[in-house]
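Here the structure is laid out as structure tokens; the discussion comes afterwards.
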2 protein chains.
Amino acid sequence: MKRAKDENTEERILEAAKNIFQSKGMNGARMQEIADKAGINKAMLHYYYRNKQLLFEAVFKNAFSLLAPQLNAVLNEDSSIEEKVKKFTLNYITFIVKHPYLPNFIIQELNRNPDFILQMKNNEGFPNLDIFKKQVDKEVKKGTIKPISAEQLFIHILALNIFPFVAKPLIMAFTNVDEKAYKQLIEDRKTEVANFIINSIKNI
Amino acid sequence: MKRAKDENTEERILEAAKNIFQSKGMNGARMQEIADKAGINKAMLHYYYRNKQLLFEAVFKNAFSLLAPQLNAVLNEDSSIEEKVKKFTLNYITFIVKHPYLPNFIIQELNRNPDFILQMKNNEGFPNLDIFKKQVDKEVKKGTIKPISAEQLFIHILALNIFPFVAKPLIMAFTNVDEKAYKQLIEDRKTEVANFIINSIKNI
DNA sequence: ATATAGTTTAACCATTTGGTTAATAAATTT
DNA sequence: AAATTTATTAACCAAATGGTTAAACTATAT
């Protein structure tokens, strides 16, 4: 058996596919374009990944497995809701700034094929709200935070953190800012969002 | 000149195109499928709209012109920030429940082609934040609401209202709810979101 | 009623696109 | 070093797809 050269090729294909799929989506991506970007023959794509769908799925799972731990890490950590919100917001925005296509890619493709997430759900490490739910209920009962459903709070957190990336062109147009000012807006949100949330739920 | 029959056809094409484009996107949509859904020959699409791109743009502009007034109406209305937040949240969620594909369609296609929004910007009635900005600054100065940038507040509002629709499959998976429970979550957000925002910014 | 302009269709066309194949080159095993 | 397995390529293929065309049909005007 030989490795080295082939692993390299397989890796380069995946990298190129990631690039093309994440910016153009499954339907917009062209196998030829992926091959070109990887600097190899189109037949190689099929040699390593059989067909477009499987290549796409490899990219998608890869992307998803990058996002999920970010959620889990904070959700199940041993700290107060307030700390979690702060940490998550900072971590997540920092992370996505480095992978700006990720959220949009995942959301777009999940909407195209909702069954897809069922496969992800079976994966070890798929985000689970159980611990977070118990914690929210406990803190509400204790009076640390105002009454709120854990699900709704979770959606609030996701929305405030992810939406600005997904809707970047819309936001830039509405708020009338250029690329630089947009980046600053995002930068500010690393603390802004956490404060906004905590402000709303914290009992004084 | 004759009308009636042709207006009808043109209208039916647009309606069919809306359907297909909004659920499959520009790249996923097929001209044949649109023709089939409209119950006419494929050549008619070109007769009335010249080509796929122009048909798509007709649909897109149509969709966008549905969303924009929703924003404007509330933004420039003569009422307090608190009232605006309440009204907007209720109106917007109610509206999107009736057009669930809209936000995702617009966001997806704007990401595919960000220049597209420049054309929209020239349109009369493109959402403008000036009045809202002045109002936020005034209320902050007056002390009705806590210090916050109008832009950030606006992004918060959009995010909390729109994201749950855009990320529906993701949210359903994470919170582990079925279609019915998801609908209930959304229903609850008609007041939940407004309260959450006001809670955070209102000075007591 | 006849000419004219607008509407609709079936058949066709060129290009794109995902995918295959057969032959070649490069490693690896024996 | 010969045989065998693995990697890679160029050429090819069939289906799909956006778009066109020429002819037929329908309504309106003269």
Side-chain angles (χ1 to χ4, degrees), chain A residues 1-63 105 108-109 112-113 115-116, chain B residues 1-63 105 108-109 112-113 115-116:
Chain A
M1 233 174 285
K2 63 162 174 231
R3 298 273 86 166
K5 189 90 189 271
D6 33 308
E7 269 194 339
N8 202 302
T9 303
E10 199 171 336
E11 196 52 46
R12 273 169 62 196
I13 291 177
L14 200 66
E15 185 62 28
K18 202 170 92 185
N19 242 282
I20 305 292
F21 276 133
Q22 289 191 6
S23 61
K24 309 203 168 179
M26 169 71 167
N27 286 327
R30 295 293 156 247
M31 294 297 267
Q32 188 58 59
E33 198 180 357
I34 294 173
D36 289 347
K37 178 148 254 168
I40 45 118
N41 190 289
K42 185 161 64 96
M44 294 301 285
L45 302 182
H46 296 91
Y47 181 74
Y48 282 103
Y49 293 91
R50 199 157 193 86
N51 59 39
K52 190 182 182 185
Q53 179 64 26
L54 286 178
L55 177 54
F56 172 80
E57 285 178 20
V59 170
F60 186 87
K61 279 171 190 162
N62 216 273
F105 172 64
Q108 185 183 141
E109 297 303 329
R112 203 176 50 84
N113 182 6
D115 294 333
F116 222 63
Chain B
M1 234 173 283
K2 64 165 171 233
R3 299 273 80 166
K5 190 92 188 269
D6 35 309
E7 268 194 340
N8 204 302
T9 303
E10 198 171 336
E11 196 53 46
R12 273 168 63 197
I13 292 178
L14 200 66
E15 185 62 28
K18 200 168 93 184
N19 243 282
I20 304 292
F21 277 132
Q22 289 191 5
S23 62
K24 310 203 167 179
M26 168 72 168
N27 285 328
R30 296 292 155 246
M31 294 296 268
Q32 188 59 58
E33 199 180 356
I34 294 173
D36 290 348
K37 177 147 257 169
I40 46 120
N41 188 289
K42 185 162 64 93
M44 293 302 284
L45 303 183
H46 297 91
Y47 180 75
Y48 282 102
Y49 293 91
R50 196 154 196 88
N51 59 38
K52 191 183 183 185
Q53 178 65 25
L54 286 178
L55 176 55
F56 172 80
E57 285 178 20
V59 170
F60 187 87
K61 280 170 189 165
N62 216 273
F105 171 64
Q108 186 185 139
E109 297 302 329
R112 202 176 51 83
N113 182 5
D115 294 334
F116 223 62

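Letters go in sequence order (proteins before strands), and every chain restarts at 1. Here the structure is a predicted model, which means the values were calculated and not measured.
In terms of heavy atoms, A/Y49 sits closest to A/L54 at O-CB, 3.2 Å. The shortest heavy-atom contact between B/I13 and B/M44 is CD1-O, 3.8 Å.
Between C/dG18, D/dT9, D/dG18, one nucleotide has an atom nearer to the side chain of A/N41 than all others, and that is D/dT9. Comparing C/dT8, D/dT6, C/dG18 by their nearest atom to the side chain of A/K42 picks out C/dG18. Here C/dT20 is the nucleotide among C/dT8, C/dT20, D/dT20 with the atom lying nearest to any side-chain atom of A/A43. In this structure, of C/dT9, D/dA7, D/dT20, it is D/dA7 that holds the atom nearest to the side chain of A/Y47.
Per the geometry, CG belonging to A/L45 stands 13 Å off C1' belonging to C/dT20, to the nearest Å. Whole-Å rounding puts the A/E10 CD to D/dT6 P distance at 14 Å. Atom-to-atom, CG of B/N27 to P of D/dT17 comes out at 12 Å; the value is rounded to the nearest Å. What separates OH of B/Y49 from C1' of D/dG18 is a distance of 18 Å, to the nearest Å. For the pair A/K52 NZ and C/dT17 P, the interatomic distance rounds to 9 Å; values are reported in whole Å.
Under the 30°/60° scheme for interplanar angles, the aromatic rings of B/F56 and B/F21 are found to stand perpendicular.
In this structure, A/Y48 reaches the D/dT8 phosphate: one of its side-chain N or O atoms is under 4.0 Å from OP1 or OP2. Proximity of B/T9 to the phosphate of C/dT7: no side-chain N or O atom is located under 4.0 Å from OP1 or OP2. Phosphate proximity of C/dT16 to A/R30: absent, as no side-chain N or O sits under 4.0 Å from OP1 or OP2.
Mapping B/M44 and A/Q53 onto DNA chain C by nearest heavy atom places B/M44 at the nucleotide closer to the 5' end.
In this structure, A/A29 reaches the sugar-phosphate backbone alone: every heavy-atom distance under 4.0 Å involves primed, P, OP1 or OP2 atoms, never a base.
The CG atom of B/L14 lies 8.0 Å from the CD atom of B/E10; values are rounded to the nearest 0.5 Å.
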